[in-house]
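See structure below.
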Number of protein chains: 2
Amino acid sequence: MSRKRTIGTLSQDSGVHLETIRYYERIGLLPEPPRSASGYRYYDDTAAQRLRFIRRGRELGFGIAEIKTLLQLADHRNQPCREADQLAQAHLVEVEAKIADLMAMRDVLTQLIQCQSPTVEHCQLIETLEQRRCCSSSDGVHRE
Amino acid sequence: MSRKRTIGTLSQDSGVHLETIRYYERIGLLPEPPRSASGYRYYDDTAAQRLRFIRRGRELGFGIAEIKTLLQLADHRNQPCREADQLAQAHLVEVEAKIADLMAMRDVLTQLIQCQSPTVEHCQLIETLEQRRCCSSSDGVHRE
DNA sequence: CCTGAACCCTGTAGCCACTACGGAGTCAAG
DNA sequence: CTTGACTCCGTAGTGGCTACAGGGTTCAGG
């Protein structure tokens with residue numbers, strides 16, 4: 001038996017926000033589900049599984065476009081796995097770059113927080129922002 | 001002497017994109033500079049310094065609102081430094097949480113990339129997305 | 001059968017921190 | 001005086017949601 005759910009139930013089952021589910025449908029990530037006569041969406045187990053797939057992909061940090069690709073790959077099981085692997089590789093590189101950026105931030109912040117001054121006059125954080133170099137990464141701002 | 005620069009020159013000097021400088025002005029982060037008769041912006045050294053302050057704050061991952069606060073603190077040098085310190089502390093906590101999330105992603109991705117299967121049929125990445133739990137963080141998706 | 005709470009619908013606007021673009025005006029070198 | 005680089009403004013787009021407003025639907029209790 002393929003249980004039918006309303007969008008609210010699917011939302012609770014999957015841990016994906018109700019409005020996010022509608023958003024995924026709007027951008028073509030989730031297929032349009034069948035509707036009741038009055039227009040209510042009803043989801044079957046396949047839809048629920050697809051949504052879990054998406055959620056897990058997001059949890060791993062994949063973007064919507066990447067997840068779209070992964071879903072297509074999952075639908076064609078006899079295709080070579082190379083594309084999925086390359087996607088994951090490229091994503092891993094990005095994740096590692098972000099980690100490096102954040103760790104550089106963390107290190108500077110950790111130093112600055114040892115501030116003993118009672119006034120802003122000699123506050124290390126403010127002084128750093130005003131004068132000194134503080135971050136090794138050149139474009140850390142833009143890849144967030 | 002206080003060198004006057006056009007916005008393009010300031011952009012090059014500071015490493016902040018020209019349109020970003022106008023954006024900062026629009027949102028009240030940079031004060032409106034004096035203009036030429038025809039409306040061109042002209043920036044002095046003070047403006048350039050303020051912009052560098054902002055850029056460094058962004059490089060450390062502070063948000064616009066936080067930088068606004070930090071700028072105000074920097075302008076009142078006899079104030080206690082406690083607020084700046086608290087801001088930095090709170091920010092450090094966030095940065096550390098992001099690092100933890102990303103490292104969890106990295107670990108899972110690293111495992112999955114050892115995929116030997118020639119087809120998607122047994123691709124570890126796809127299988128993980130379809131079936132298994134993959135991420136320890138409960139809400140890692142939302143705090144990016 | 002009626003009421004009212006809890007659900008669902010659509011469409012639009014907001015979030016963050018930019019970035020990009022179009023169409024027009026300005027400036028300085030040759 | 002022309003040319004090309006600069007500047008202006010306003011608006012719209014990015015990603016990935018989230019939050020309304022203003023309605024319609026469903027169903028359990030009385």
Side-chain angles (χ1 to χ4, degrees), chain A residues 4-30 32-43 47 51 54-71 91 94 98 101 105 139-144, chain B residues 4-30 32-43 47 51 54-71 91 94 98 101 105 139-144:
Chain A
K4 296 280 177 188
R5 316 151 162 83
T6 62
I7 194 168
T9 314
L10 178 65
S11 172
Q12 284 189 311
D13 285 7
S14 63
V16 176
H17 198 292
L18 187 145
E19 318 235 40
T20 305
I21 298 174
R22 285 200 280 253
Y23 166 71
Y24 286 160
E25 180 182 327
R26 208 160 55 241
I27 62 173
L29 199 54
L30 268 182
E32 296 185 21
R35 306 270 192 137
S36 74
S38 60
Y40 281 28
R41 291 168 180 83
Y42 282 100
Y43 295 94
L51 187 55
I54 295 167
R55 180 176 56 72
R56 287 185 193 128
R58 292 292 300 130
E59 281 171 0
L60 286 176
F62 288 105
I64 298 291
E66 292 167 322
I67 292 175
K68 237 171 212 172
T69 305
L70 290 171
L71 279 167
H91 183 53
E94 276 179 39
K98 278 187 202 170
D101 279 357
M105 287 182 201
D139 60 345
V141 177
H142 303 301
R143 52 170 183 235
E144 210 168 299
Chain B
K4 295 280 178 189
R5 320 152 161 81
T6 61
I7 194 168
T9 314
L10 178 65
S11 173
Q12 284 189 310
D13 285 7
S14 64
V16 176
H17 198 293
L18 187 146
E19 319 236 40
T20 305
I21 297 174
R22 284 200 282 255
Y23 166 71
Y24 286 160
E25 181 183 326
R26 209 160 56 240
I27 63 173
L29 198 55
L30 269 183
E32 297 185 19
R35 306 271 193 136
S36 73
S38 60
Y40 280 28
R41 290 167 180 85
Y42 282 100
Y43 295 94
L51 187 54
I54 294 167
R55 180 175 57 72
R56 288 184 193 126
R58 291 292 300 129
E59 280 171 0
L60 286 176
F62 289 105
I64 297 292
E66 291 167 323
I67 292 175
K68 237 172 211 171
T69 306
L70 290 171
L71 279 167
H91 183 52
E94 276 179 38
K98 277 185 202 170
D101 279 357
M105 286 182 201
D139 59 346
V141 177
H142 302 301
R143 52 172 182 234
E144 207 167 301

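Since we're looking at a predicted model, the values are computed, not measured. Convention: sequence-line order gives letters A, B, ...; per-chain numbering from 1.
- Remark: A/T69 pairs with no residue by the side-chain hydrogen bond (donor to acceptor under 3.5 Å, both in side chains) rule, at least two apart or across chains.
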Going 5' to 3' along nucleotides 10-15 of chain D, which nucleotides have protein heavy atoms under 4.0 Å from the base (write B), which only from the sugar-phosphate (write S), and which from neither (write -)? ------
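- At whole-Å resolution of the value, CG in B/L10 and C1' in D/dC6 are 15 Å apart.
- The stretch residues 8-17 of chain B participates, sequence neighbours left out, in these side chain to side chain donor-acceptor pair (under 3.5 Å) pairs: B/R3-B/D13, B/R5-B/D13, B/T6-B/T9.
- The CD1-P distance, from B/I27 to C/dC15, rounds to 12 Å in whole Å.
- For D/dG16, neither phosphate oxygen OP1 nor OP2 lies less than 4.0 angstrom from any side-chain nitrogen or oxygen of A/Y24.
- Atom CG of B/L30 and atom C1' of C/dC18 are 14 Å apart (whole Å).
- Atom NZ of A/K4 and atom C1' of C/dC7 are 19 Å apart (whole Å).
- The closest side-chain heavy-atom distance from A/L51 to A/R55 is not below 4.5 Å.
- In this structure B/R41 satisfies the side-chain hydrogen bond (donor to acceptor under 3.5 Å, both in side chains) test together with B/E25, sequence neighbours excluded.
- With hydrogens and angles disregarded, a donor-acceptor distance shorter than 3.5 Å links the side chain of A/H91 to the backbone of A/L60.
- To the nearest angstrom, C1' of C/dC7 lies 11 Å from CD of A/Q12.
- One can place CD of B/E32 at 12 Å from P of D/dC8, the figure rounded to the nearest angstrom.
- Each of A/T9 and B/T20 has a nearest nucleotide on DNA chain C; the 5'-most of these lies closest to A/T9.
- If you find the closest nucleotide of DNA chain C to A/L18 and to B/I54, the one lying nearer the 5' end belongs to A/L18.
- Of all the residues in residues 34-41 of chain B, B/R35, B/G39, B/Y40, B/R41 reach under 4.0 Å from DNA chain D with at least one non-hydrogen atom.
- Put simply, CD1 on A/I67 and CG on A/L29 are 6.5 Å apart, with the number rounded to the nearest 0.5 Å.
- Rounding to whole angstrom units, CG of residue A/L29 and C1' of D/dG16 are separated by 11 Å.
- Partners of A/Y23 according to the side chain to side chain contact (heavy atoms under 4.5 Å, CB included) rule, which considers only residues two or more places apart in sequence or in another chain, are A/R26, A/I27.
- When all heavy atoms of A/R58 and A/Y24 are compared, the pair lying nearest together is CG-OH, 3.8 Å.
- For the pair A/I21 CD1 and C/dC7 C1', the interatomic distance rounds to 14 Å; values are reported in whole Å.
- Using a 4.0 Å cut-off between charged side-chain N and carboxylate O, A/R56 and A/E59 make no salt bridge.
- In this model, the phosphate group of D/dT7 is approached by a side-chain N or O of B/T6 to a distance below 4.0 Å at OP1 or OP2.
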